[in-house]
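Lettering of chains follows the sequences in order, A, B, ..., and the numbering in each one begins at 1.
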Amino acid sequence: MSDQQMDPRADKTADKKTYKKTLNLPKSAFPMKANLVQNEPASLKRWEKMGLYQKLREQDHANPRGRYVFHDGPPYANGSIHLGHLLNKVLKDFVVRTKTMAGYDVPYVPGWDCHGLPIEHKVMQELGDKARDMQPIQVRRKCKTSAEKFVKLQSGQMKRLLTLADYADPYLTMNPGYEGAVLEVFADLVERGVVYRGLKPVHWSIENQTALAEAELEYYDRDDTSVFVKFDRVDGRGSLMIWTTTPWTLPANLAVAVHERHDYGEYDLNGQTVIVAVELAKKVLKTDAEPKKTYKGSELVGLEYKHPFIDRVSKVVSADYVTLEDGTGLVHTAPGHGVDDYQTGLREGLDVYCPVRDDGTFDDTAPDWLQGINVWKANDLVVDKLRESGHLFHAEQFTHSYPHDWRGKSPVIFRATEQWFVSVCKEFKHDRDPEGLKSKSFIERSLNEIGFDRDNPQTDAQHEIIEAEARYQREAQEEYSRGETRPLAEKEKRQFFKELGPELQWTRAEGVRFIPKWGRNRMRGMLESRPDWCLSRQRSWGLPIPAFYPPEGVEGEPLLTPASTHAVAKLFREKGSDAWFVAPPEELLTHYDLANDKDAPVWVKSCGLGKLVPGADIFDVWFESGSSWNAVMLQRGLAKPDDASSVTDLYLEGSDQHRGWFQLSLLPCLGSQGKPPFGAVLTHGFMVAKDGRKMSKSGGNALDVDVLFKDFGADVCRWWVSGLNTDNDIKVDLEFFRLAGEEYRKVRNTIKFLLSNLDGFNFKKDKTRFEEDDAASIDAWMTHEIIKVSDTVQAAYDGFQFRKAHEALFNFCNETLSAVYLTAVKDRLYCDAPDSPRRRRTQSTIYRAATTLIRLLAPLMPHTADEAWRALMGDQESCVHLLPFQDVDCMRQIPVSPNWQAVMQARDLWLKSIEEARQAQGIDNPLDCGVRVPTIKDVACSSFDSTDLADLCGVSRFAFDDSLDAVAVDDLRDEPRCERSWKRDVTVKPRSDGGTLSDRDAKALGLT
RNA sequence: GGGCUCAUAGCUCAGUUGGCAGAGCGCACCCCUGAUAAGGGUGAGGUCGCAGGUUCAAGUCCUGCUGGGCCCA
């Protein structure tokens, strides 16, 4: 052989000319370039045209596991969808699609929250001064138009995300049927006796003149004047020093609270005697002086003092929320202006006095110099007044976190108003309770239903339950091990709990499943501290609270009974809640049978329905969305059977909804149904910027979802979501979408390569049976890798661990297929005769890999999977989304050598040695290498095919050699090289066509 | 201020009951040019947020601190 021929490049030029056309090179119509921006909308149209959602509902036979009841929480119908929606909706779609492919029927109704302040606020702003003269009904029509507009916009964006849902018939909280269903839930609560009307300080938005729920507040820092004020003792022996950051609430001061166990001292202040907590004296009075006299807080209780500028005498009371962290240890108490104050007032029998009107100005019970003055302006006036009269000790600017109206961003105040409440402490009975169970409150019920941590029981009942469960499980296991098929222990267990009485039966509830687990503790903490639910709002855009008040001159409690509520519910179903604002009261009560309503207040009968005054309050929107389990799932017949332990299987929202939708769905549902609305609660974290800090719409670091669709496509966005750890914060950056795009291309290219090697292959006709002898073949190994990835991914899907599925799928494409298997089998695919058994066996394996992989990917990238599926089937009409996951059980029968793991592990070492040897010996092309390796310990190395192993190492020759204790790499450059396969092989020799070929290649070409 | 939660390689994250710090991406070097706006190989990299404690042994358990996030006050 001449030097010329030994030059590799000379070889190549010659080979190219001669044999390229004789190879079975990959060929496919599935393009490398995805062009998602154009092709995804086409997929959407195709699915819509074929009625994919409906088709899935109809194919009962394909849903062997029954129904999976998943309920969509309604986003607010305002604005464009943002990244949070994208994350939430995509995760939900993963659930819908994975459960569907796992064999469940998963009807999924998307919904929107349409009522509420944000929309009304925006509409009012747009209307400007015109709004003043408008009737509520007119404002409502504008709001409805606005909600409809955004439902349409968001619905389009969600479809563009390729989510599978009943978009033809979504639920809107403003629809008449929905409104009626909410009132029916409310009627149930009225029936339980937990709805009451009361005066109570609530967060009050002066800007919007409405009470706000906790969920409608945002906390920002605010500068206020804080004052230290001296309240003179009635006995003339000095004064009490109090501190407040809201001087405007001083006119409503009705008490001073101290902690009974704290120490208080009398101090001299410029000749005057003042009382402050000992621990705070130095800080407040700036003095090191010792107190002249000390008291326990309990000794001060009952002490009388004079209001500094109102002719009123009040007393010192005790309260255990008094702390020594700031202030003076003596707390100004105004029951009309604070929750703690209110509680104290209730206990001490104080008035819930609130001299502030709806618009934030003082009424005529206030001192004349404050009447008509806005509370924020009053701050200065009060401070001046105190200074003039000598009651002010000190005033300073103070920055503190203060609640603001979540939309208007204006500061809110605490103000006592008449509101409708749901009591969370009042006990009631429910039909579903175990017989004999004593009445339970909402808090007790909800804490019980969210279950307890079985690893960390708290109460005696919980300990008892765990012990009993463990005991019976042990016994049952023993019975099983004795060969018992129906252990007695199961039966005994049931009997045991029955005999333990209703309390324990009730406590035994398995409880709601929380994913991640800590959701339970989080919800528990929130439930334990939750106050009564204030249901009423003083706005127009919402569902009216169906209460009727007596007309002028008639005294009595409002009419709000289960029967009257059901009657209004029926009317709303027919006419919508607009009727409340236009129809006369007798029409609103068309379906009401007053004569038979034993709950109706007496005044109603003498007064007559026509004179009733419909109330102006509407519901907290959370009550509407919190009733969706009824308005959507029960009403549409989608809920779990009546005897199930929850209404639905799963709710899935951001972790903020522990306090929001989850909790506010749990309460109404427990009241109405006596069981929780959800069997499991899955939460995800929030999007934060790259630096881990909060993303803000105004901060400019938010990404526009429409731009993402345009720049990356939905499948890439979805692939990004599938790779996230969604338990906690999720970092977002444009760069991450680019990286997801890179990964997507890798997956796509792997699929393309699979498909392109199946050109001309017909699985039914050409598939190969595996024989026992094939157990050590690379195809047998690959087949079991397919089973492995299928099992892993389906288990991950089952546990909502999409990240794990994502990782397994990516590694399968990148490592198992691309780097190992496909690289190894390229030679036989290209060079073997097209219908050689070895090539057909590999193609059969590739086909199995393709069908399994594409189906597993379908929930994550529905467009790409569908595109690939149609290419694989060669049928534009087929649709992967109508199919379940690939059944891999038939592949499990295929024999496989147990030694593959050891061989694959050894391969890493072999590759390393080859790399080192190539460097050392100056061999560029691994095909110019042959390797000899020591036999692997405990492995029957001889059963492996040396060609398979050579291909797995990318070399021309492979042999096990017992005499070696390290890998030996041989330089084969002196051996002849096959001009077709480019391998160095001992069978290479001149052939009848004039070329130099190996036996295999000569045979493939029919040469001798 | 309180409840829940997070902090591991440049980036995104795994790390089961305490037992020799892992993956992917990116990067560097090399190969292939018959997956080609592809494909393959090898390699570099970390005081596991900080400070204490328990232990033969701590990324892992405990306490405190710092800095994020959600919810509340």
- prompt: Tell me, do A:Asp970 and A:Leu972 make a side-chain contact under 4.5 Å, heavy atoms counted?
  reply: yes
query: Base, sugar-phosphate, or nothing for A:Pro403, non-hydrogen atoms under 4.0 angstrom?
result: nothing
- line: Out of B:C31, B:C70, B:G34, minimum distance to the side chain of A:Asp656 belongs to B:C70
query: Does a side-chain N-to-carboxylate-O contact under 4.0 Å join A:Glu915 and A:Arg918?
result: yes
field: A:Thr246 versus A:His337, side-chain donor and acceptor atoms under 3.5 Å
entry: no
Ion pair check, A:Arg984 and A:Asp971, cut-off under 4.0 Å: no
Selection: residues 715-730 of chain A, any non-hydrogen atom under 4.0 Å of RNA chain B: A:Asn725, A:Asn728, A:Asp729
message: Side-chain N or O of A:Lys517 versus OP1/OP2 of B:C4: is the shortest distance under 4.0 Å?
response: no
task: Would you mind classifying the nucleic acid contact of A:Gly692 as base, sugar-phosphate or nothing, using non-hydrogen atoms under 4.0 angstrom?
output: sugar-phosphate
query: Between A:His332 and A:Trp243, does the ring centroid distance fall short of 6.0 Å?
result: no
message: If you only use heavy atoms from C-beta on, which nucleotide in B:U42, B:G69, B:C4 is closest to the side chain of A:Arg693?
response: B:G69
query: If we take the C1' atom in both B:A28 and B:C65, what is their distance in whole Å?
result: 40 Å
task: If the plane angle is over 60° it's perpendicular, under 30° parallel, otherwise tilted; pick one for A:Phe678 and A:Tyr651.
output: perpendicular
- prompt: To the nearest Å, how far apart are A:Leu87 CG and B:G69 C1'?
  reply: 14 Å
statement: Side-chain atoms of A:Asn749 come closest, of B:G34, B:A38, B:G40, to B:A38
query: At under 4.0 Å between heavy atoms, what does A:Lys746 touch on the DNA or RNA strands: base, sugar-phosphate, or nothing?
result: sugar-phosphate
- prompt: Which one, B:A73, B:A38, B:C70, comes nearest to the side chain of A:Arg745?
  reply: B:A38
- request: Spell out protein contact along nucleotides 43-50 of chain B as letters: B when the base is contacted, S when just the sugar-phosphate is, - when no protein heavy atom is under 4.0 Å; keep the 5' to 3' order.
  value: S-------
field: Minimum-distance nucleotide to A:Arg522 side chain [options: B:C4, B:G24, B:A35]
entry: B:C4
- prompt: Is there a stack between A:Trp982 and B:G34, judged by ring centres under 5.5 Å and planes under 30°?
  reply: yes
message: For a quick check under 3.5 Å, do A:Asp224 and A:Thr245 share a side-chain donor-acceptor pair by atom type?
response: no
message: Between A:Glu742 and A:Tyr402, which residue's closest nucleotide on RNA chain B lies nearer the 5′ terminus?
response: A:Glu742
field: Distance, rounded to the nearest Å, where A:Gln919 contributes CD and B:G41 contributes C1'
entry: 10 Å
message: So, does A:Asn814 get its side chain near the phosphate of B:A23, meaning an N or O under 4.0 Å from OP1 or OP2?
response: no
query: Does a side chain donor of either A:Ser981 or A:Tyr830 reach within less than 3.5 Å of an acceptor in the other side chain?
result: no
message: Once you apply a heavy-atom cut-off of 4.0 Å, does A:Phe753 come out as touching a base, just sugar-phosphate, or nothing?
response: base
field: Separation of the C1' atoms in B:G46 and B:C11, to the nearest angstrom
entry: 14 Å
task: Using the P atom as the reference point in each nucleotide, state the distance between B:C48 and B:G10 in Å, no decimals.
output: 12 Å
query: In terms of side-chain heavy atoms of A:Asn521, which of B:G39, B:G34, B:C4 is nearest?
result: B:C4
RNA chain B base-pair string [pairs: Watson-Crick or G-U under 3.5 Å; |: paired with another strand]: (((((((..((((.....[..)))).(((((.......))))).....(((((..]....)))))))))))).
statement: note: A:Leu25, atom CG; B:A38, atom P; distance rounded to Å ~ 19 Å
message: Less than 3.5 Å apart, any donor N or O on the side chain of A:Ser722 or A:Arg803 sitting next to an acceptor on the other?
response: no
A:Asp341 side chain to A:Thr344 side chain, donor-acceptor N/O pair below 3.5 angstrom: no
- request: Whole angstrom is fine here: how far is it from CG in A:Asp924 over to P in B:C32?
  value: 5 Å
query: Between A:Leu809 (CG) and B:A23 (P), how many Å, whole number?
result: 20 Å
- prompt: If the P atom of B:C50 is compared with that of B:U60, how far apart are they to the nearest Å?
  reply: 11 Å
task: Would you mind telling me which of B:G34, B:C25, B:C72 lies closest to the side-chain atoms of A:Leu739?
output: B:C25
- request: Ignoring hydrogens and angles, state whether a donor on the side chain of A:Asp727 or A:His684 is under 3.5 Å from an acceptor on the partner side chain.
  value: no
- prompt: How is A:Arg918 classified with respect to the nucleic acid when contacts are heavy atoms under 4.0 Å: base, sugar-phosphate, or nothing?
  reply: sugar-phosphate
- prompt: For the pair made of NZ in A:Lys20 and C1' in B:U33, what is the distance, rounded to whole Å?
  reply: 9 Å
message: Using OP1 and OP2 only, check whether a side-chain N or O of A:Lys752 sits under 4.0 Å from B:A38.
response: no
- prompt: Does a nitrogen or oxygen in the side chain of A:Tyr830 sit under 4.0 Å from OP1 or OP2 of B:A35?
  reply: yes
statement: Residues at least two apart in sequence or cross-chain that pass salt bridge (Lys or Arg N to Asp or Glu O under 4.0 Å) with A:Asp798, listed by chain then number, are A:Lys99
query: Hey, can you pull the residues of residues 796-808 of chain A with a non-hydrogen atom under 4.0 angstrom from RNA chain B?
result: A:Arg803
- prompt: If we take the P atom in both B:U47 and B:A9, what is their distance in whole Å?
  reply: 9 Å
statement: With the side chain defined as heavy atoms from C-beta on, A:Phe810 is closest, among B:C70, B:C25, B:C72, to B:C25
statement: Sequence neighbours excluded, the answer for salt bridge (Lys or Arg N to Asp or Glu O under 4.0 Å) partners of A:Arg745 is none
Separation of atom CZ in A:Phe514 from atom C1' in B:C4, rounded to whole Å: 12 Å
message: Here's one to test your reading of the geometry: is the NZ or CZ of A:Arg522 within 45 degrees of the ring axis of A:Phe514 and under 6.0 Å from its centre?
response: no
- prompt: Less than 4.0 Å between a side-chain N and a carboxylate O, is that true for A:Glu743 and A:Arg738?
  reply: no
query: Looking only at atom P, what distance separates B:G40 and B:G26, rounded to whole Å?
result: 12 Å
- request: Using the P atom as the reference point in each nucleotide, state the distance between B:G41 and B:C6 in Å, no decimals.
  value: 36 Å
message: For a quick check of understanding: with a heavy-atom distance under 4.0 Å over all strands, which category does A:Ser756 fall into, base, sugar-phosphate or nothing?
response: nothing
message: Tell me whether A:Arg828 is salt-bridged to A:Asp951, with the criterion being a basic N under 4.0 Å from an acidic carboxylate O.
response: yes
query: What nucleic acid atoms does A:Lys731 come within less than 4.0 Å of, heavy atoms only: base, sugar-phosphate, or nothing?
result: sugar-phosphate
message: Between B:A35 and A:Ser818, counting only base atoms on the nucleotide and side-chain atoms on the residue, is there a donor-acceptor pair under 3.5 Å?
response: yes
statement: Between A:Leu703 and the options A:Leu86, A:Asp733, A:Leu83, the side chain to side chain contact (heavy atoms under 4.5 Å, CB included) test singles out A:Leu83
field: Rounded P spacing from B:G53 to B:G1 in Å
entry: 27 Å
query: Rounded to the Å, how far apart are A:Glu743 CD and B:C11 P?
result: 17 Å
